[in-house]
Amino acid sequence: MKIEKLKLNREIIIPEYKKFNSSFSKTMEKLDFNRKMSITNEMIATQRARSELAPYIDSTDYSSILVDFSKYFHLIKANQNTDSLKVEQKDSIVDMYLNVEHKVRKAISKNINEE
């Protein structure tokens with residue numbers, strides 16, 4: 001059983017988490033470089049990776065992640081056509097990004113460390 005759990009973590013959960021984290025961090029990178037129009041592709045990739053992680057995250061945790069991810073997505077979309085973000089707008093986006101990233105990491109860690 002332990003070997004199967006390790007195999008699941010190594011072959012499915014951790015690679016899917018890395019895909020999520022990679023595409024999710026690219027949304028912030030593109031925001032930093034004012035490439036707001038190309039953020040949509042990263043958001044789609046992030047949503048896809050988040051969906052792949054869903055079976056490995058507790059449903060309560062996943063619901064909370066989904067709510068915050070939606071808020072993040074809407075903040076990005078609301079500011080996508082703005083030429084330059086105000087400090088408060090960027091701070092709101094960064095705060096929501098950090099919140100989502102923390103929740104996903106915590107939920108995945110809970111699953112990986114489960115005996």
Side-chain angles (χ1 to χ4, degrees):
M1 185 74 158
K2 223 174 193 180
I3 292 172
E4 289 300 314
K5 179 72 174 167
L6 289 171
K7 188 175 177 182
L8 175 69
N9 289 342
R10 187 178 62 243
E11 294 178 6
I12 297 175
I13 298 174
I14 293 172
E16 287 301 328
Y17 173 70
K18 285 180 179 181
K19 275 193 241 175
F20 170 84
N21 208 32
S22 175
S23 58
F24 194 48
S25 66
K26 285 178 185 173
T27 63
M28 287 304 297
E29 179 184 305
K30 292 187 187 265
L31 186 67
D32 281 343
F33 290 112
N34 204 27
R35 294 187 188 128
K36 292 185 285 296
M37 296 313 285
S38 61
I39 289 175
T40 303
N41 292 335
E42 297 305 336
M43 293 298 290
I44 291 168
T46 303
Q47 287 175 316
R48 191 176 307 120
R50 189 200 66 224
S51 294
E52 293 294 326
L53 285 172
Y56 311 107
I57 297 176
D58 174 78
S59 61
T60 303
D61 291 340
Y62 189 75
S63 293
S64 177
I65 289 166
L66 194 55
V67 167
D68 286 352
F69 184 82
S70 293
K71 289 177 186 175
Y72 176 77
F73 183 79
H74 289 297
L75 280 171
I76 294 285
K77 289 307 252 177
N79 294 293
Q80 203 165 20
N81 295 324
T82 307
D83 285 338
S84 61
L85 293 173
K86 294 179 181 159
V87 172
E88 310 83 51
Q89 292 168 312
K90 193 165 185 180
D91 286 348
S92 294
I93 293 169
V94 169
D95 287 345
M96 192 53 63
Y97 169 87
L98 292 172
N99 192 38
V100 170
E101 194 278 330
H102 173 74
K103 284 183 176 183
V104 171
R105 185 173 9 96
K106 186 176 175 184
I108 293 299
S109 293
K110 187 189 314 182
N111 187 306
I112 288 174
N113 295 323
E114 223 174 51
E115 289 294 323

- Task: Measure the spacing between CG of Asp95 and CD of Glu88 and express it to the nearest 0.5 Å.
- Result: 12.0 Å
- Message: If I take atom NZ from residue Lys26 and atom CG from residue Asn21, how far apart are they, to the nearest 0.5 angstrom?
- Response: 11.0 Å
- Message: Do Ile12 and Val104 land in one hydrophobic cluster if side-chain heavy atoms of ILVMFWY residues count as linked below 4.5 Å?
- Response: yes
- When rounded to the nearest 0.5 angstrom, what distance separates CG in Asp68 from NE2 in His102? 11.0 Å
- With Asp61, the salt bridge (Lys or Arg N to Asp or Glu O under 4.0 Å) member among Arg105, Arg50, Lys110: Lys110
- Message: As a quick check of understanding, evaluate side chain to side chain contact (heavy atoms under 4.5 Å, CB included) for Ile93 and Met28, giving each step before the final call.
- Response: CA-CA 9 Å; Ile93 293 169; Met28 287 304 297; 4.0 Å; yes
- Item | Ring centroid separation Tyr17 to Tyr56 under 6.0 Å | no
- Check the hydrophobic clustering (I, L, V, M, F, W, Y; side-chain heavy atoms under 4.5 Å; chains of links allowed) and say if Ile14 and Phe24 are grouped together. yes
- Item | Side-chain ion pair, Arg48 and Glu52, N-O less than 4.0 Å | no
- Query: Looking only at heavy atoms, which two atoms of Leu75 and Ser92 are closest? And how far apart?
  - Reply: CD1-O, 3.7 Å
- Which atom pair, heavy atoms only, marks the closest approach of Pro55 to Ser51? CD-O, 3.7 Å
- Rounded to the nearest 0.5 Å, what separation is found between the OG atom of Ser109 and the NZ atom of Lys106? 10.0 Å
- Does Ile108 reach the side chain of Phe20, with side-chain heavy atoms less than 4.5 Å apart? no
- Task: State, with a plain yes or no, whether a side-chain heavy atom of Lys103 is found less than 4.5 Å away from one of Phe69.
- Result: no
- Item | Atom pair CD1 (Ile57) and CD1 (Ile65), whose distance is rounded to the nearest 0.5 Å | 4.5 Å
- Task: State whether Lys19 and Glu16 are salt-bridged, where the test is any N-O pair (Lys NZ or Arg NE/NH1/NH2 against Asp/Glu carboxylate O) under 4.0 Å.
- Result: yes
- Item | Linked, directly or transitively: Met43 and Val67 (ILVMFWY side chains, under 4.5 Å) | no
- Message: I need the Leu66 CG to Gln47 CD distance, nearest 0.5 Å.
- Response: 9.0 Å
- Task: Please report the C-alpha distance between Glu101 and Tyr72 in whole Å, then the side-chain angles of each, then the deciding distance to 0.1 Å, and finally whether the side chain to side chain contact (heavy atoms under 4.5 Å, CB included) criterion is met.
- Result: CA-CA 11 Å; Glu101 194 278 330; Tyr72 176 77; over 6 Å; no
